[in-house]
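Working notes for the structure below.
Proteins come first, then strands; the chains are lettered A, B, ... in the order of their sequence lines, and each starts at number 1.
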There are 2 protein chains.
Amino acid sequence: MLKRAVAIADAGGLESLTMRSLAKELGVRPMSLYHYFATKDEILNGVVDLVFGEIELPAADGDWRTEVSRRATSARAVLRRHSWAIALMESRTTPGPATLRHHEAMLDTLRSAGLSLPMTGHAYALLDSFVYGFAIQESALPFDRDSAPEVTQAIAAQFSSGEYPRLREYAVERVMKPGYDFGDEFAYGLGVILDDIERSIPASDRSAER
Amino acid sequence: MLKRAVAIADAGGLESLTMRSLAKELGVRPMSLYHYFATKDEILNGVVDLVFGEIELPAADGDWRTEVSRRATSARAVLRRHSWAIALMESRTTPGPATLRHHEAMLDTLRSAGLSLPMTGHAYALLDSFVYGFAIQESALPFDRDSAPEVTQAIAAQFSSGEYPRLREYAVERVMKPGYDFGDEFAYGLGVILDDIERSIPASDRSAER
DNA sequence: ACCTGAACACCGTTCAAGT
DNA sequence: ACCTGAACACCGTTCAAGT
């Protein structure tokens with residue numbers, strides 16, 4: 001039921017997910033939905049939790065760097081698949097069960113790696129800020145993955161006025177060069193964060209497979 | 001005119017900003033707005049650009065670390081003031097003039113600090129991912145800045161089931177301790193990123209005030 | 001150039017009622 | 001328990017018309 005809601009938003013964006021469109025998708029009348037959910041907001045909470053549940057959980061007994069990296073990469077992929085969910089996260093304040101399970105697994109992984117409680121907070125806040133923020137930026141790219149060159153060139157032409165020399169430089173010398181992919185910045189940022197976490201681990205726990 | 005739109009969203013959230021509410025605020029009939037903007041989407045683009053314009057610009061000829069730090073801190077404050085704007089950013093793909101000026105200033109600051117073109121992209125993507133993602137997390141906190149203790153305790157009680165031991169540990173031993181403030185995590189993350197940027201600067205440019 | 005009333009095709013949701 | 005039709009107070013936007 002919530003899965004259908006996700007499918008609708010995937011296909012037509014968040015604004016296409018209405019009580020009426022969801023009801024139609026389920027072959028039922030709009031008012032029937034109110035027997036299962038008190039408000040549309042409740043449905044949105046469920047939808048966000050469902051999306052969260054798609055993210056691979058890290059294993060606390062694995063190599064922490066591998067696990068944290070895998071989970072972050074999975075989170076990015078999920079948020080790219082359901083980019084409408086990012087906007088939703090800003091307004092949801094009551095985490096669902098999948099979200100809680102997820103946080104529990106992450107905390108377990110970080111604590112098992114030997115991080116102190118304060119450092120666990122630092123690392124988790126930094127990591128998820130990066131993942132969410134990257135997803136926002138990726139979803140707001142002025143070109144989609146396919147039509148990159150044409151649009152990029154149009155933008156670069158706009159910069160030829162000389163008003164934005166640094167933007168022009170970056171567009172022409174970097175973005176328009178073959179092989180450039182904004183998505184690659186994810187690996188860089190993730191590496192920086194993982195390195196910082198690694199440095200924070202007490203020597204006694206370092207590279208301990210436990 | 002767009003300022004009034006921002007004020008409406010500040011006061012009542014994004015859903016309270018409608019063509020009708022904006023018209024009323026301006027003492028005009030709804031249809032008059034269409035003489036200045038083709039669609040509501042165009043208004044939203046303008047609103048996002050206005051919010052962007054509130055962020056302090058970094059000075060390319062200042063100390064890069066001071067400037068980048070000041071700008072990131074300002075961005076966080078702005079997005080906290082207008083947290084509804086975060087959700088909007090996800091769907092806007094055409095940057096306005098204030099946004100372009102902003103990016104130009106950031107690129108200029110990073111390049112003037114001696115960063116290579118690829119490293120400039122790495123640093124900027126990492127920095128803004130962090131800033132945006134932090135803003136999302138901060139706006140989705142289950143407690144607002146004032147009523148922290150009561151709500152936190154209610155949440156901690158929920159964890160007493162033993163189903164989420166790591167979450168319980170973190171809530172009880174960290175979040176509920178006096179002096180804890182999620183907002184403090186911003187300084188930590190920003191420090192990690194600035195340190196990474198600093199390490200990337202060629203020795204010849206290091207600490208050059210130029 | 002600037003503004004507007006009426007209307008249309010939508011929303012989420014209430015309420016009272018059906019099986 | 002599960003579903004529904006009619007209705008209400010909203011949306012964004014079109015169109016034709018006013019000054």
* Asked: So which nucleotide from D:dG12, C:dT13, D:dC3 ends up closest to the side chain of B:Thr18?
  -> D:dG12

* **Whole-Å distance separating the CG atom of A:Leu44 from the C1' atom of C:dG12** => 11 Å

* To do: Report the distance from atom CG of A:Leu26 to atom P of D:dC2, rounded to the nearest whole Å.
  => 15 Å

* To do: Please tell me which of A:Glu15 and A:Ala38 maps to the more 5' nucleotide of DNA chain C, matching each residue to the nucleotide holding its nearest heavy atom.
  => A:Glu15

* For A:Arg174, does the CZ atom have more than 12 heavy-atom neighbours from other residues, nucleotides or ligands under 6.0 Å away? -> yes

* To do: Could you work out which one of D:dT13, C:dC3, D:dC2 sits closest to the side chain of B:Tyr34?
  => D:dT13

* **Separation of atom CE in B:Met19 from atom C1' in C:dC11, rounded to whole Å** => 16 Å

* Any donor-acceptor N/O pair under 3.5 Å between C:dG12 base and A:Arg20 side chain -> yes

* Provide, to the nearest angstrom, the distance between the NZ atom belonging to A:Lys24 and the C1' atom belonging to C:dC11. => 15 Å

* **Spacing of B:Arg29 atom CZ relative to D:dG18 atom P, expressed in whole Å** => 17 Å

* Determine whether A:His122 and A:Leu115 make a side-chain contact, defined as any pair of heavy atoms from C-beta on separated by less than 4.5 Å. => no

* Nearest-angstrom distance from the residue atom NE2 of A:His35 to C1' of C:dA17 -> 14 Å

* Find the distance A:Leu22:CG to C:dT13:P and express it as a whole number of Å. => 13 Å

* Nearest-Å distance, CG (B:Leu17) to P (D:dC11)? -> 10 Å

* Where each residue is assigned the nucleotide of DNA chain D containing its nearest heavy atom, which of A:Leu33 and B:Met31 is assigned the position nearer the 5′ end? -> A:Leu33

* Nearest-neighbour nucleotide for the A:Ser32 side chain, C:dT13, D:dC3, C:dC3 considered -> D:dC3

* Asked: Dot-bracket, DNA chain C: Watson-Crick or G-U, under 3.5 angstrom, [ ] crossing, | other strand?
  -> ||.|||||...|||||.||

* Give a yes or no on this: more than 12 heavy atoms of other residues, nucleotides or ligands lie within 6.0 Å of atom CZ of B:Arg81. => yes

* To do: Could you pull out the closest heavy-atom pair between A:Tyr132 and A:Phe52, with the gap in Å?
  => OH-CZ, 3.2 Å

* Asked: Counting N and O atoms only, with roles assigned by atom type, does the side chain of B:Ser16 sit under 3.5 Å from a partner on the main chain of B:Gly13, one being a donor and the other an acceptor?
  -> yes

* Asked: Within the side chain of A:Arg4, is there an N or O that forms a donor-acceptor pair under 3.5 Å with the backbone of A:Leu26?
  -> no

* Asked: Between the main-chain N or O of B:Thr66 and the side-chain N or O of B:Ser69, is there a donor-acceptor pair closer than 3.5 Å?
  -> no

